Each structure stands twice: as C-alpha cells, then as structure tokens.
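Working notes for the structure below.
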Amino acid sequence: MSKDPVDIQHEERIVWTEDIDGFDYVRETLITEAGTRARPISWHGAGRRVGYSTLKRDAPSNNSAGKFTRRIFWIKEHDRSEDAIGTYKIGTPSEGVDPRTVAPGVWGDVTERAWGGPLPDASVTPPPDTQQGTTADRGLTSDQPGPLRPATPSFKETRAVEQGVTKAFADWLYLHEVSVPETLGAAVSEEFKRWLWANNEELIAAIADAVARQAVLPKQPPSMTEG
C-alpha cells in the first residue's frame with residue numbers, strides 16, 4: 001500500500017475502539033468508499049476493526065461524490081495479539097504498524113515492539129574507499145572464468161521466502177475478492193520485496209521485478225480439451 005501523506009491530510013482524529021496497549025501491531029488499511037467523514041465505519045474484511053480515522057468537517061470527498069478516504073485499523077485471528085506464538089511471533093504482516101506511531105495525518109510505522117524483536121537491518125553500503133573489496137566481502141562468487149554472480153541462497157533463506165510468500169498469499173486472499181492472476185502477482189511481489197529488503201538490498205529491484213513478471217498468469221486457463 002502506498003503511503004502518500006496527501007491521502008490522509010484531512011484527518012482530524014484517530015479513534016481506537018479497543019485498548020491499543022493490547023496490540024504490538026495493528027493492520028492499517030486505506031479505504032476510499034467511506035460514506036461519512038466522522039461516523040464509525042464498518043470493516044467488511046477478515047478479522048475485526050480496532051480503530052478508524054475521522055476527517056475534518058470541511059474535508060473534501062474523493063473522486064466519487066459523497067465518498068471519503070479514511071483509514072481503518074484491524075487485526076486477524078492469527079495476529080500476535082490473538083496468538084502470541086503463532087505465525088507472527090516475530091515479524092508483522094505487510095500492512096502491520098505500531099499503533100503508538102499513528103496520529104492524524106501520520107502513517108503508522110514498524111517499531112521493534114511491532115516486529116517482536118530487533119528490526120532487520122538494510123544492507124550497509126561500505127565507505128567509498130572500501131567499495132572495491134574482495135568478492136567474498138561483497139557476497140559474490142567467482143568461479144572461473146565469467147562475470148561475478150550472487151552467492152547461492154542457503155536452505156534457511158529459501159525456506160524464509162517460501163513461508164513469507166505463503167503468509168502474504170493467505171492474507172491477500174482474505175482481504176480481496178479478485179482474480180487468481182491479480183492475487184498471485186500482488187502477493188508474490190509484495191512479500192518478495194519485503195523479504196529482500198531485509199536481506200540483500202542490492203537484489204530488490206532485479207529479483208522482485210522478475211518474480212512479479214513471472215507470476216502473471218493468463219486471463220483464462222487453457223482448456224483441458226485443447227491439443
């Protein structure tokens with residue numbers, strides 16, 4: 001989800017319908033079809049609503065007359081607040097944020113409390129005078145001859161990707177009623193980008209883009225009677 005400050009610039013209050021002390025993180029979602037600026041808004045997705053934003057009295061409607069853009073905060077049955085040793089014992093779903101960082105006009109952020117431990121570090125860029133280090137320093141292999149290539153991922157790393165994609169795919173299916181090609185493409189792309197950011201920043205753009213392209217499925221499955 002894109003976090004553009006313009007989308008939430010007309011917020012006035014954040015209303016929590018449950019005590020946020022019970023949540024390390026909540027899920028933050030922007031909706032564009034709210035029929036009111038300030039009255040409570042219902043959540044029709046999976047899980048339950050725990051908060052929402054209200055808008056100023058002069059907040060304009062969005063591109064649809066009488067419809068307003070507002071945030072809603074929610075949790076699912078397998079989130080850490082509901083299952084402390086479950087899927088998200090460590091980590092957060094892609095839309096997870098620490099509710100203590102949320103304010104009117106301010107997007108939520110992921111903290112160590114939300115993550116359940118130290119945040120994963122982005123790859124550190126070495127100083128200019130050391131950027132030409134050895135291939136081992138840069139995590140590359142150099143079999144002879146040929147160009148340098150990234151080291152082969154370990155089983156643990158590969159397994160982490162598999163589990164991450166599975167979680168993202170399940171969450172996306174609960175929240176969206178869309179076609180399989182749209183669901184698969186979005187879930188794979190989102191989770192791959194998040195995992196790669198945490199493990200190897202140099203590979204984010206190239207691998208995430210390739211995975212997203214490969215995940216595009218035909219609009220109609222091939223007929224079983226063809227050929």
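None of these values were measured; they are calculated from a predicted model.
Put simply, I31 and V15 are part of the same group of oily side chains (I, L, V, M, F, W, Y) that touch within less than 4.5 Å, one to the next. When hydrophobic clusters are built by joining Ile, Leu, Val, Met, Phe, Trp and Tyr residues whose side-chain heavy atoms come closer than 4.5 Å, directly or via intermediates, I75 is grouped together with I14. Tracing side-chain contacts under 4.5 Å through hydrophobic residues (I, L, V, M, F, W, Y), one never reaches W107 starting from V6; they form parts of separate clusters.
Few gaps surround CG on D21; more than 12 heavy atoms of other groups in view lie less than 6.0 Å from it.
The structure places CZ of R49 at 13.5 Å from OG1 of T29, a figure rounded to the nearest 0.5 Å. Distance check, rounded to the nearest 0.5 Å: CD1 of I72 to OG of S42 gives 7.5 Å. Taking OG1 from T87 and NZ from K76, the interatomic distance works out to 9.5 Å, rounded to the nearest 0.5 Å. Considering CZ of R70 and OG1 of T54, their distance stands at 6.5 Å, rounded to 0.5 Å. Here the CZ atom belonging to R48 is positioned 12.0 Å from the CZ atom belonging to R27, to the nearest 0.5 angstrom. Here the CG atom belonging to D24 is positioned 12.0 Å from the CD atom belonging to E112, to the nearest 0.5 angstrom.
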Could you walk me through whether F73 and W16 pass the ring pair (Phe, Tyr, Trp, His ring centres under 6.0 Å) test, one step at a time?
CA-CA 8 Å; F73 304 93; W16 297 108; 4.9 Å; yes
List the steps, then state whether side chain to side chain contact (heavy atoms under 4.5 Å, CB included) holds for V97 with Y25.
CA-CA 5 Å; V97 298; Y25 67 82; over 6 Å; no
Take T36 and F68 through the side chain to side chain contact (heavy atoms under 4.5 Å, CB included) test and state the conclusion after the steps.
CA-CA 7 Å; T36 172; F68 301 91; 5.7 Å; no
Quick one, H78 with Y88, criterion side chain to side chain contact (heavy atoms under 4.5 Å, CB included). Give me CA distance, side-chain angles, the key distance, then yes/no.
CA-CA 8 Å; H78 60 269; Y88 292 108; 3.7 Å; yes
Working for side chain to side chain contact (heavy atoms under 4.5 Å, CB included), residues R13 and K56
CA-CA 8 Å; R13 295 176 58 212; K56 300 173 184 176; over 6 Å; no
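By the 4.5 Å heavy-atom criterion applied to side chains, H10 and D58 are not counted as neighbours. At a threshold of 4.5 Å between non-hydrogen side-chain atoms, the residues I20 and V26 do not count as touching. A 4.5 Å side-chain heavy-atom check between D79 and W74 finds every atom pair outside the cut-off. At a threshold of 4.5 Å between non-hydrogen side-chain atoms, the residues L30 and I8 count as touching.
Inspection of the D7 and T69 side chains reveals no N or O donor paired with an N or O acceptor under 3.5 Å. Looking only at atom types and distance, the side chain of T101 has no donor-acceptor partner in the side chain of D109 under 3.5 Å away.
Taking all atoms of both residues into account, the shortest heavy-atom contact from L55 to A59 is CB-CB, 3.7 Å. The nearest pair of heavy atoms linking V106 to E11 is N-OE1, 4.5 Å. The two atoms that bring S64 and E33 nearest to each other are OG-OE2, 4.1 Å, heavy atoms only. Listed here is the closest heavy atom pair of S81 and G22: CB-O, 3.5 Å.
Using a 4.0 Å cut-off between a side-chain N of Lys or Arg and a carboxylate O of Asp or Glu, K3 and E28 qualify as a salt bridge. Salt-bridge formation is not detected for the pair D98/R113: no Lys NZ or Arg NE/NH1/NH2 atom is positioned less than 4.0 Å from an Asp or Glu carboxylate oxygen. E12 and R37 are not joined by a salt bridge, as no carboxylate oxygen comes within less than 4.0 angstrom of a charged side-chain nitrogen.
In this structure, the side chain of R80 engages the main chain of G91 through a donor-acceptor pair within 3.5 Å.
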